[in-house]
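Residue numbers start from 1 in every chain, and the chains themselves are labelled A, B, ... in the order their sequence lines are given, proteins ahead of strands. Both backbone and side-chain heavy atoms feed into the values below; hydrogens, waters and symmetry mates do not.
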Amino acid sequence: MSFPFNDLNEIQQQAVKAVNGPILILAGAGSGKTRTLTYRIAYLIKEKKVLPSQILAVTFTNKAANEMKSRIAQLLNSAVVPLWIGTFHSVCARILRIEAEHAGYTRNFTIYDVDDQVRALKKVLSSLGMSQQQFPPRLVQSRLSRIKNQFIYPEDLDQTIDEAVTDLERMMPNIYRAYQKYLKESNAFDFDDLLMKPLELFDQFPDIKQKYADKFKYVMIDEYQDTNRVQYLFAQKITNGHKNICVVGDEDQSIYGWRGADINNILNFHKDYPEAQTFKLEENYRSDRNILDAANSVVKNNLFRIGKNLWTAKETGDKIILYSAGDEVGEAKFIVEQIHEEMYNKKRSFNEMAILYRTNAQSRIIEDALRRNAISYTVVGGTKFYDRKEIKDLLAYLKLIVNPADNISLKRIINFPLRGIGETTVGKIEKFSEIENITLFAAMQRIEEIASISPAMKSRVVEFVQLIQKFIELRGELSAEELASTLASESGLIHHYKSEYDHYESETRIGNIKELFNSIKQFMDEHSKDEVDANLATYLEEVSLLTDVDTWNSDTNSVTLMTLHAAKGLEFPVVFIAGMVNGLIPLERTMENVDELEEERRLLYVGMTRAQKNLYLSYANRLRRYGNPMEVSPSLFLREIPNELMIYKNGLQAAGKGRKKRGKNARRSAVKSYFSSLESQDTDDVFYKVGQPVYHATFGKGKIVRLEGSGDSMKITVQFQENKLIKKLVKQYANLSALEE
DNA sequence: CATCTGCTGGTTTTT
DNA sequence: CCAGCAGATG
């Protein structure tokens, strides 16, 4: 069978066939980028006879990796294709499992999540004698994470101390150093270490770098617009010999700037590789034309972009529906009604619909409405299965058994279920461990040497140590699943959840624990046949690195609820975007900073382009925040969508009590045209649209090219005709009037 | 050492 | 509005 080039369009084929040298694939939303990447890998193996083991493919989620992997296997007609494919984090973790010793770790290392990181920082801050009021651990964590994502070492930070403005900045190098030391003592890496340590090893041991550079002859990176500095450097170093680096991305979909992603990585690809070939995938196969046009007209307001011409051969399709509700309950009601409509009139099933929002907190009111109307739904993100307390408890036991140096996990379970070993005792043991320079667990093994602890207490500690030791030994004898289930009973966890809760709750919690046994078994079965070691350590690693979407099953017949961020890479026939107000989309604090505002705009663009056939945008004029109601105005991005692509529906009258106070005013705005009702304050804001011709007394005729902010302080950038002047004006003083086109 | 209560303050987005 | 936490009491 020859290679199925017919599945690809002309440019996709070119991109697949261009195998050597640096390649940049600029792929608009829905342009078949995953397909291109998949075929490219299959092509390399099948036609170019590249060994799968010489290929590295980096995706944004594990789900994408798995899908791609099975698709490749299908194309190649083979059961297992041993290429390295996964997220940056999982690929790096895999390298670290192999190279751990060089970094002074063992291969049983634990991966610390944010929660663990914060616990570790609390410990570190208190050892340094720093108060948590002055240095909030959460804040320190996020600062530190940002620093590490930029591949900055404590030593680099030392040089910035002279210019340090805040106490935190001044203390950061010390905190950073002490934190890394603590992690190393715990034989643990945090998320950021996973990316940073391999690079550190590459720099420190050139032959390690060479080993991987030689191994991976072809490297492909998806969602390149969302790579941060460390990931960028990783890709560089590993390909700098052959330069067979193929990156795929879309600057308009860069939405992770806040966690250190640098859009310049993709914007400057040609500076890094002047010889790079570029392929632009501009045909969208996903959305009807109205939706695509609307999304395009939003994102084109961004100044910092390469720019492209995304088009579709699809039909015009339905118009976008924009709905204005009195409050969030009204907005949720509208969504429910439309879901019914889609169901009964268009015969759509629940899993063809998704509700997207900016913040996780928004899901609650929508969930309530769905539940009341017996619409089954799945929330992606929020409280994840692996975040449940009972699961985290059991996982902590398992982590400790795999890695007895794991101080954070040990502290989590040392007194849970309660065994009378309180904070004071733990403090004493911790002290001893610091003096002796050993791990907490090792200190507990030498409990007899600690004079200040009573004999009764010592025996409790000994009992706990024996329990853990027993399971460390059992590891060789029992299967991982058996080990977990025996441990759950013997640690007292099962008994605790049976006796401490009412019947219903204990059923669910124990059910969850059993589900965990199941997931362990499943992991072992799945990986017994491939090249990844199936053991408890790799299982725990996988669990730590799961993303929200990874655990989401798109086949279940339920409506999907998730954040705009989580929706990246997905598509649905019907998409709702809720909360289209200033303060949420864009988020309040982003309104002052152009870069951040543009990222919000891209986020909306990502959301809109998820829709294939129908797109609903909705907002409430009044939100509840911290329990108090507050008036909000419609998102400034709504102004950027041409009116002829939308149908405006107003639900103010239906919203009921809340609006009555405004009486006449509310009723009046309810019948107003779409234009004026966009403004809650009854101003003439609506005429301020990009592209709108205007007249100014001094400068004459011009066109609006850009809008920032809202209300009277809105900044309006106008390009004037006469002298080509571009002026930024503040609305309240600008005194502009509208002209006909 | 365990548990209860009253207070504060926090909302992005995630590997 | 509520979760998480410090501080008092059993």
Where is the tightest heavy-atom contact between [X] and [Y], given as atom of each residue plus distance?
X: A:Ile366; Y: A:Ala578; result: CD1-CB, 4.1 Å
X: A:Phe637; Y: A:Leu597; result: CZ-O, 3.9 Å
X: A:Tyr619; Y: A:Met580; result: CB-O, 3.4 Å
X: A:Ile391; Y: A:Tyr386; result: CG2-CA, 3.9 Å

Discussion item. What contact category does A:Asn415 fall into here, base, sugar-phosphate, or nothing, at under 4.0 angstrom with non-hydrogen atoms?
Written reply: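 The answer is sugar-phosphate, as A:Asn415 gets under 4.0 Å only of primed atoms, P, OP1 or OP2.
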Discussion item. Using a 4.0 Å heavy-atom cut-off, does A:Leu584 contact any base of the nucleic acid, only the sugar-phosphate backbone, or nothing at all?
Written reply: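 A:Leu584: no heavy atom of the nucleic acid under 4.0 Å.
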Discussion item. Would you say the rings of A:His527 and A:Tyr539 are close, in the sense that their centroids are separated by under 6.0 Å?
Written reply: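 No, the ring of A:Tyr539 stays outside the 6.0 Å limit from the ring of A:His527, centre to centre.
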Worksheet item: So, do A:Tyr153 and A:Phe151 have ring centers that fall under 6.0 Å from each other?
Response: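 Between A:Tyr153 and A:Phe151, the centre distance is under 6.0 Å.
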Worksheet item: C:dC5 and B:dT12: how far apart are their C1' atoms, nearest whole angstrom?
Response: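 My reading of the C1' atoms in C:dC5 and B:dT12 gives 23 Å.
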Item to complete: Write down the distance separating the P atoms in C:dG4 and B:dT13, rounded off to the nearest Å.
Response: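 So the two P atoms sit 15 Å from each other.
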I need the [atom1]-[atom2] distance between [X] and [N], as an integer number of Å.
X: A:Gln132; N: C:dG4; atom1: CD; atom2: P; answer: 16 Å
X: A:Phe416; N: B:dA2; atom1: CZ; atom2: P; answer: 12 Å
X: A:Glu423; N: C:dC5; atom1: CD; atom2: P; answer: 12 Å

Worksheet entry | cation_pi(A:Lys568, A:Phe60) dist<6.0 Å, angle<=45 |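 Here A:Lys568 passes the 6.0 Å and 45° test against A:Phe60.
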Worksheet item: How many angstroms lie between CG in A:Asp192 and CG in A:Asn149, if you round to the nearest 0.5 Å?
Response: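 The CG atom of A:Asn149 is 4.5 Å from CG of A:Asp192, to the nearest 0.5 Å.
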Item to complete: Tell me which residues in residues 224-236 of chain A put a heavy atom below 4.0 Å from DNA chain B, sorted by number, or none.
Response: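 Here the set is empty: none.
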Worksheet item: What is the per-nucleotide protein-contact pattern of nucleotides 9-15 of chain B, from the 5' end, where B denotes a base atom under 4.0 Å from a protein heavy atom, S denotes such proximity for sugar-phosphate atoms only, and - denotes neither?
Response: -BBBBBB
